[in-house]
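Throughout, a chain's letter reflects where its sequence line sits, starting with A, and its residues are numbered from 1.
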Amino acid sequence: MLRMSTLFLRTLRDDPADAEVASHRLLVRAGYIRRIAAGVYSWLPLGYITFRNIERIVREEMDAAGFQEVHFPALLPREPYEATNRWNEYGPDLFRLQDRKGGDYLLGPTHEEMFTLMVKGEYSSYKDLPLALYQIQTKYRDETRPRSGIIRGREFVMKDSYSFDLTDEGLIESYNKHRAAYIKTFDRLGLKYNIVKAVAGAMGGSGSEEFLAPCETGEDTYVLCEKCGYAANVEAMRTAVLPVDSSKVAPLQEVDTPNTPTIDSLVAVLNERFGGGYTGANTLKNVLLIADGEIISVLVPGDREVDLKRLQANLEGVQELRLFEDADFAKNPGLVKGYVGPQDAQKLGVTVYADPRIGPGTSWVTGANKKDCHALNVVNGRDFEVTNYVDAAEVIKGDACPTCSSPIIIDRAIEIGHIFQLGRKYAQALDLTVLDSDGKSRVVTMGSYGIGVSRAVAAIAEQTHDEIGLCWPAEIAPAHVHIVATGKEDNPFNVALALGEEIEKLGKTVMLDDRRDASPGVKFKDAELIGNPIIVVVGKSLADGNVEVRVRATGDRTEVALDVAAGAIVALLS
RNA sequence: CGGGGCGUAGCGUAGUGGCUAGCGCGCCUGCUUUGGGAGCAGGAGACCGGAGGUUCGAAUCCUCUCGCCCCGACCA
């Protein structure tokens with residue numbers, strides 16, 4: 001039983017000045033966590049109990065799925081990360097340190113290498129596969145900007161697992177097993193979430209989905225179709241390419257359009273000149289960028305911006321991407337700022353990428369590659385060629401769902417889990433092979449799967465809190481029942497203690513506010529701030545042989561006879 | 001890394017050149033109080049983030065530096 005008279009806890013009446021988001025604010029105020037450095041937090045007793053509850057649920061579900069737990073050091077040598085080139089690739093996000101002899105070490109940001117090497121060290125036959133291992137470990141990433149308290153820290157706890165299979169089909173099976181285990185886990189954690197198509201990103205690999213917990217303070221933006229259930233990270237959202245019949249479009253015509261370097265100014269001139277009807281959506285925006293040193297042009301409708309994040313995520317193999325600058329225009333006189341069109345791209349040495357909205361046969365108004373001059377009726381396939389289609393335009397609420405064409409909604413969320421079909425990248429780099437039944441050596445294919453355990457504390461807090469405090473699901477809360485004893489006589493305190501013991505015998509955990517010096521108001525405020533699901537008040541109503549039972553989430557209050565209270569409270573929890 | 005903001009007691013803050021750095025919460029002692037962050041009285045707690053400088057005099061002005069928060073860039 002957690003007794004508040006001795007519990008190491010000090011709640012704060014005021015919000016901490018350095019906390020903005022609700023989870024951070026409340027976790028600090030309620031005495032769960034304290035900041036140590038930017039993105040680095042300590043867990044106080046209440047916080048650590050909550051953290052361990054989440055960890056326990058994650059572990060139980062991993063074990064139930066048949067995955068085996070191992071544990072690596074957080075402190076790792078350089079060599080394995082050198083072999084996969086991540087010592088370099090990870091860049092400044094990697095916490096690096098040296099030992100007294102000058103040897104390079106790192107604090108593990110993720111452990112693909114170590115798992116791969118561990119399996120390599122023990123197994124060498126196809127008969128040993130499939131295999132899935134996991135660990136729950138503190139990870140370190142020197143984020144450029146840690147933020148939102150515990151949501152994005154530089155030190156955090158993650159459950160990461162890895163599957164090892166001989167075949168691609170086996171990988172898909174392992175992936176689906178993890179997916180199912182994740183669904184069970186997040187359901188038990190009481191999180192609302194969407195499973196969303198993701199881009200594989202720097203990890204490489206093919207299939208990838210994110211588990212996103214919707215909440216305002218989330219850092220990830222995703223789209224959701226409420227009709228058919230399609231969900232995708234904005235970066236991964238696909239746009240359907242619709243072929244258009246362009247045979248009746250008039251031939252390309254160049255027109256003088258002085259002082260129209262922007263879409264708005266162009267539209268105004270067009271409407272003035274041709275009697276209205278033009279909008280930004282009729283124009284073609286040519287955004288010039290430098291991708292790994294080469295000039296590329298990205299075509300989007302004039303009424304949309306290029307979403308650089310989305311573009312980068314969908315441009316395969318491009319490491320460095322930046323916008324064209326004035327200096328670049330100066331070096332390329334054929335490209336006229338404000339009047340660029342795709343018509344002469346090949347001649348000008350520009351590779352043309354187009355958002356799928358710029359489909360074959362579509363007709364546009366765009367720059368004529370001459371100052372103060374635009375071109376009408378510029379048709380894709382007739383007047384210019386697109387090298388590659390790439391989803392690059394910003395996604396806007398109401399855009400058509402790629403599967404059912406209904407309008408999509410856009411929402412923000414915290415990424416709480418990510419599952420990946422990694423493939424053979426790491427196994428290849430570290431030479432993890434097994435002998436197949438035909439005696440030939442084959443490279444193993446891997447999946448990697450993560451759950452942010454410490455982040456889940458914040459995500460649950462974000463989704464469940466209200467104006468007065470935290471409000472945990474029963475399995476997560478520091479205690480199932482929070483008993484408040486009030487009054488100055490001994491009796492309520494003795495009754496509260498006995499009731500607590502009775503509830504514990506029935507298998508539920510109890511926090512008891514047995515502080516003699518705190519006023520009732522303080523105890524009620526603290527109980528509400530701390531957020532255990534059931535609050536029981538032992539005090540005034542004891543005169544009628546009752547205690548008061550409150551449900552934290554709804555505020556419901558009922559008087560219950562003391563002799564049946566324990567049973568009634570336990571029943572409320574199931 | 002760019003932009004913005006902020007460092008004064010455990011927490012929240014006032015104090016823009018001049019007495020002993022002020023207040024609220026919290027903490028300690030005593031008395032009273034006990035169903036919604038109690039009252040009275042007394043008390044402890046601050047090298048004003050750090051270094052250097054200007055000045056008769058610096059929390060306050062200047063320079064440098066360290067740290068923190070927010071937006072963006074970045075990020076399995």
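- Atom CG in A/Leu311 sits roughly 16 Å away from atom C1' in B/C74 (whole-Å rounding).
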### Query
How would nucleotides 1-12 of chain B be written as a contact map, 5' to 3', with B for base contact, S for sugar-phosphate-only contact and - for no contact, using protein heavy atoms under 4.0 Å?
-----------S

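- Salt bridge status for A/Asp556 with A/Arg550: absent, with no side-chain N to carboxylate O gap under 4.0 Å.
- In terms of polar N and O atoms assigned as donor or acceptor, the side chain of A/Arg515 never comes within less than 3.5 Å of the base of B/G37 in a complementary pairing.
- An OP1 or OP2 oxygen of B/G35 is reached within less than 4.0 angstrom by a side-chain nitrogen or oxygen of A/Lys540.
- In this structure, A/Val537 reaches the bases: a heavy-atom distance under 4.0 Å links it to at least one base atom across the strands shown.
- Counting any heavy atom pair closer than 4.0 Å across all strands shown, A/Glu219 reaches no nucleic acid atom.
- Under 3.5 Å, the side chain of A/Glu528 and the base of B/G36 form at least one donor-acceptor pair of N or O atoms.
- Counting non-hydrogen atoms under 4.0 angstrom, A/Arg550 reaches a base of the nucleic acid.
- Here the P atom of nucleotide B/C75 and the CD atom of A/Glu210 are 14 Å apart, to the nearest Å.
- Within the nucleic acid shown, A/Arg35 comes within 4.0 Å of sugar-phosphate atoms alone, with no base atom in reach, counting heavy atoms only.
- Here the separation of B/G52 from B/G15, taken at their P atoms, is 28 Å to the nearest Å.
- Using a 4.0 Å cut-off between charged side-chain N and carboxylate O, A/Arg35 and A/Asp18 make a salt bridge.
- As rounded to the nearest Å, B/G45 and B/C75 have C1' atoms that lie 43 Å from one another.
- What separates CZ of A/Arg141 from P of B/C75 is a distance of 12 Å, to the nearest Å.
- Residue A/Lys525 places no side-chain N or O under 4.0 Å from the OP1 or OP2 atom of B/G37.
- Side-chain atoms of A/Trp472 and A/Val457, non-hydrogen and from C-beta on, do get closer than 4.5 Å to each other.
- Within 4.0 Å of A/Arg29, counting heavy atoms only, lies at least one base atom of the nucleic acid.
- Under the 3.5 Å distance criterion, the side-chain polar atoms of A/Asn546 are left unmatched by any main-chain donor or acceptor of A/Ser541.
- The aromatic rings of A/His178 and A/Tyr182 sit perpendicular, their planes meeting at an angle over 60°, well past the 30° parallel limit.
- The minimum heavy-atom distance between A/Ile151 and A/Ser23, with the atom names listed, is CD1-OG, 4.0 Å.
- Ion pairing between A/Arg310 and A/Glu394 fails under the 4.0 Å rule for side-chain N and carboxylate O.
- Along RNA chain B, the nucleotide nearest A/Arg516 and the nucleotide nearest A/Tyr41 are compared for position; the residue whose nucleotide lies closer to the 5' end is A/Arg516.
- A/Phe115 pairs with exactly one of A/Phe72, A/Tyr134, A/Tyr449, A/Phe67 by the ring-ring contact (aromatic ring centres under 6.0 Å, His included) rule, that one being A/Phe72.
- Taking the C1' atom of each, B/A51 and B/A58 are spaced 15 Å apart, rounded to whole Å.
- A distance of about 38 Å separates the C1' atoms of B/G57 and B/C70, rounded to the whole Å.
- A/Glu143 has its CD atom 16 Å from the C1' atom of B/C69, to the nearest Å.
- Note on A/Lys139: nothing from the nucleic acid sits closer than 4.0 angstrom, heavy atoms only.
- Of the listed nucleotides (B/C69, B/G37, B/C71), B/C71 has the atom at the smallest distance from the side chain of A/Arg147.
- Checked against B/C70, B/G37, B/G35, the side chain of A/Ser519 finds its nearest nucleotide in B/G37.
- Scanning RNA chain B for stems, defined as runs of 3 or more consecutive Watson-Crick or G-U wobble pairs whose donor-acceptor distances all fall under 3.5 Å, gives the following ranges: B:1-7 with B:66-72, B:10-13 with B:22-25, B:27-32 with B:38-43, B:49-53 with B:61-65.
- Comparing B/C69, B/C68, B/A38 by their closest approach to the side chain of A/Val522 singles out B/A38.
- One interatomic measurement links the two molecules: CG of A/Asp517 to P of B/G26, which rounds to 11 Å at whole-angstrom precision.
- To the nearest whole angstrom, the two C1' atoms, one in B/C66 and one in B/G50, are 7 Å apart.
- No hydrogens or angles considered: a donor-acceptor pair under 3.5 Å links the side chains of A/Asn88 and A/Asn85.
- Residues A/Glu55 and A/Lys159 are not paired through a salt bridge, judged by the lack of any N-O separation under 4.0 Å between the basic side chain and the carboxylate.
- Here B/C75 presents its P atom at 17 Å from CZ of A/Phe95, a figure rounded to the nearest Å.
- Comparing the C1' positions of B/G17 and B/G12 gives a spacing of 27 Å, expressed to the nearest Å.
- Of the charged side-chain nitrogens involved, at least one lies within less than 4.0 Å of a carboxylate oxygen, so that A/Lys139 and A/Asp160 count as a salt-bridged pair.
- Nearest-nucleotide mapping onto RNA chain B: of A/Ala518 and A/Glu235, the residue sitting toward the 5' end is A/Ala518.
- In this structure, A/Asp544 places its CG atom 15 Å from P of B/G35, rounding to the nearest Å.
- Within the 4.0 angstrom heavy-atom criterion, no nucleotide atom of any strand lies near A/Arg34.
- Across B/C11 and B/C56, the matching C1' atoms stand 38 Å from one another, rounded to whole Å.
- Taking the six-membered ring for Trp and the full ring otherwise, the centers of A/Phe329 and A/Phe324 sit less than 6.0 Å from each other.
- The side chain of A/Arg13 approaches B/G26 more closely than any other nucleotide in the set B/C68, B/G26, B/C75.
- Rounded to a whole Å, the CZ atom of A/Phe8 is 14 Å from the C1' atom of B/G26.
- B/U63 and B/G72 have their C1' atoms separated by 29 Å, with the value rounded to a whole Å.
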